[in-house]
Student: 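Please read through the structure below; I'll follow up with questions.
In what follows, chains carry the letters A, B, and so on, assigned in the order in which the sequence lines appear, proteins first and then strands, with residues in each chain numbered from 1. The shown structure was predicted, so the numbers you read here are calculated from the model rather than taken from an experiment.
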Protein chains: 2
Amino acid sequence: MNLGDRKRLILQAIIEDYINTAEPVGSRTISKKYLTNTSSATIRNEMADLEEMGYIEQPHTSAGRIPSDKGYRLYVDQMMGQQELNKSQDDLIKREFTDTLGEIDRLIKHASKLLSQMTQYTSIITTPQVKKTYLKHIQLIKIDAGTVLAIIITDAGIVRNSVLRLMRDVPSDILEKISKTLNESLCGVCIEDIAGIILKDTDEGYAGYKEILEQILPELIQTLIYSDKVEVYHDGAANILNLPEFNDIDKARRFFNTLEEKDLLFNVLKDSQENINISIGSENKYEQLQNCSLITATYKVNGKTIGSIGVIGPTRMEYSKVISIVDCMTNNLSDILTKIIKY
Amino acid sequence: MNLGDRKRLILQAIIEDYINTAEPVGSRTISKKYLTNTSSATIRNEMADLEEMGYIEQPHTSAGRIPSDKGYRLYVDQMMGQQELNKSQDDLIKREFTDTLGEIDRLIKHASKLLSQMTQYTSIITTPQVKKTYLKHIQLIKIDAGTVLAIIITDAGIVRNSVLRLMRDVPSDILEKISKTLNESLCGVCIEDIAGIILKDTDEGYAGYKEILEQILPELIQTLIYSDKVEVYHDGAANILNLPEFNDIDKARRFFNTLEEKDLLFNVLKDSQENINISIGSENKYEQLQNCSLITATYKVNGKTIGSIGVIGPTRMEYSKVISIVDCMTNNLSDILTKIIKY
DNA sequence: ATTAGCACTCAACTCTAACGAGTGCTAACA
DNA sequence: TGTTAGCACTCGTTAGAGTTGAGTGCTAAT
């Protein structure tokens, strides 16, 4: 399995040249640009071996070699230098984020835009998952006769609201009392557990307005379930039109259609709960993505994973660069989010 | 200026055939498919006239004719039959909307998706503009020591919230009182006027917690200004890849880049405050859109315009169909929105 | 006023030949 | 035994030439 130094160098040269040029790499190119002390003939021999081992392949007889998925994998796992972000890039990320103290969803979308701009690929992102966080505050506000606004704040700083319709009018002070009691019994409970708990506690502690509560609760639970609709956004889709692998209008169309399959993207992002996750070409579970590579990572609040971001690009991706950007991005995102919440 | 019946028929035939086929239309085609009693030679003569008048043009000498922007304009203004939506389409719109009682922003996005699906072009849409609506309720909620959540509800049913950071702790009951006073003095005021009013009223009525108020107000005003960031979404961008006019990867790329210019889209939507607005090709203010046509309309709450939706497609657009869909869509949207709010 | 006929134009397509980048193999060399 | 030079071969790409066909404008006849 060990390749020998020269084979490694040749493989690396092929991969890096191909990442830059998107053209098959020939033995002569390598001999001229990378291994200047070795003749093209020798390199041809080595390349034949590498091809036999499955690290590179030939699109057709009289063309140079391109890396296979297996080749990329080896490259990512063993050969790729961890690229340092240059300071201006690093700064950019930091600056952009500190400018955006505000709604959490906006922050996430902003991150997505930034990510696609910096990588020049397409970014995908999920909004924070509410149900994994813990209730911090709940408040019912009367708007009209029969209309109540429920506000839910979780420990991840996520605010969700929903309008409840009631059959009859409920006075403000009763709503205030109900809010208080709900807070007392539910504060700190994980959102996904609330539905169960509310129902159980119905009998205790709400003496005097049980009837009203029975109207509010189902609606409220509905809201909680509803509010967990995680959304998937993408940004920079147009970037891929600049890549030669999508010059074919058909391939471009297929790519765009895949991007509109939100469920698929959601699953892809959900599956990768590693700190940072790299799927190369055929390694992808979904057929539509098997000519792409995906780099995904999760963002956290207080160490708790609440969402994911990622980059989709061609298998010929600038792995090193993208990985460091995604990494830096999630770190900053998690930092800022945690700060926003903690203050 | 009056064309004469046969010229009108020929122009109409050219436009409708071109809308369907995206191919230049020749005299023979018209003679065979549309004006079967007239020979191609006669039609050629008429076409020469129409070209001289600027209603049609020839991409190159030995090709058929295609409509000019002026031709489309005449068609839209005078010749186009108002297409009835077939019942299933009409139903679809109604059904989809009634299913989506929920957050207003979500409703808008859903409309956008539906619009692009039904037209097979790209839809664009603005979220509701807060500043044109009137304050219905404002509420401050204490989250932590020093952290306050401000909730703003407007008469259009829009809910916005924002976290305020204060230098020192403010007890809940004071916040409650402030909320009450703010409500009394601001309820019914147009959002864009609030900043002025708040400052003016600072001296009256808030005796006892003026100091606290002075901390909260600037932040609150900030929120109000901030909350008016109208966002622009689009959907169905991939649809245009199915059109022959965007088969050229370069044109596709330019189109996608235009879609990412949110400011431009926003202005386009803002400019068209007519009930329904049609811009054809070169009529568009922005150069990037001059090979497209745009159909936009506004949606309302209680008769008050709060946002716009629209469709972008090639100048060869199915005007009749799109207009009726956009029209139906905005009517339903306005209805539902008004109902949601009124209840 | 309409139409048939004809010469003309020009994009699109097909076919072919030349080109050149790259390979594999062989034989010579260190 | 590993390396290299040389050479024949492959095959995608490009450019040019020829062909086709849809469509036009013009003219003369009806």
Student: Would you mind reading off the distance between B:Arg44 atom CZ and C:dA1 atom P, rounded to a whole angstrom?
Tutor: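 Interatomic distance, CZ of B:Arg44 to P of C:dA1: 18 Å.
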Student: Under 4.0 Å from any heavy atom of chain A: name the first and the last nucleotide of DNA chain D that qualifies, 5' to 3'.
Tutor: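 Terminal contacting nucleotides, 5' to 3': D:dT3 to D:dG12.
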Student: Could you tell me whether the side chain of A:Ser40 and the main chain of A:Ser27 form a donor-acceptor pair under 3.5 Å?
Tutor: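 Answer holds: no.
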Student: Tell me which residues in residues 8-40 of chain A put a heavy atom below 4.0 Å from DNA chain C, sorted by number, or none.
Tutor: A:Gly26, A:Ser27
Student: Nearest whole Å is fine: how far is C:dA1 P from B:Asn45 CG?
Tutor: 11 Å
Student: Could you check A:Ser62 against A:Arg65 and say which one's nearest nucleotide on DNA chain C is further toward the 5' end?
Tutor: A:Ser62
Student: Main chain of B:Tyr55, side chain of B:Ser68: is a donor-acceptor contact present, judged purely on distance under 3.5 Å?
Tutor: yes
Student: Show your reasoning for whether salt bridge (charged side-chain N to carboxylate O under 4.0 Å, His left out) applies to B:Arg8 and B:Asp5.
Tutor: CA-CA 5 Å; B:Arg8 295 178 70 84; B:Asp5 280 351; 5.2 Å; no
Student: Quick one: are the ring centres of B:Tyr18 and B:Tyr75 less than 6.0 Å apart?
Tutor: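 Centroid separation for B:Tyr18 and B:Tyr75: 6.0 Å or greater.
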Student: NA contact type, B:Thr61, heavy-atom cut-off 4.0 Å: base, sugar-phosphate, or nothing?
Tutor: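 Touches sugar-phosphate only.
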Student: Going by the rule side-chain contact (heavy atoms from CB on, under 4.5 Å), which residues pair with B:Lys32 if we only count those two or more places apart in sequence or in a different chain?
Tutor: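 For B:Lys32, the residues satisfying side-chain contact (heavy atoms from CB on, under 4.5 Å) (neighbours in sequence not counted) are B:Arg28.
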Student: Any sub-3.5 Å donor-acceptor pair from A:Asn247's side-chain atoms to B:Ile249's backbone N or O?
Tutor: no
Student: Just the rounded figure in Å: distance from P of C:dA1 to CD of B:Glu46.
Tutor: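 So the two atoms are 11 Å apart, to the nearest Å.
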Student: Taking the inter-plane angle between the rings of A:Tyr72 and A:Tyr319 on a 0 to 90° scale, is it parallel (under 30°), tilted (30 to 60°) or perpendicular (over 60°)?
Tutor: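 The rings of A:Tyr72 and A:Tyr319 sit tilted, inter-plane angle from 30° to 60°.
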Student: With heavy atoms under 4.0 Å as the rule, sort A:Ala63 into base, sugar-phosphate or nothing.
Tutor: sugar-phosphate
Student: Short question: side chain of A:Lys70, backbone of A:Met53 - any donor-acceptor pair under 3.5 Å?
Tutor: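 Yes; at least one donor-acceptor contact below 3.5 Å.
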Student: Round to the nearest Å and state the distance from B:Ile43 atom CD1 to C:dA4 atom P.
Tutor: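 After rounding, the reported distance stands at 12 Å.
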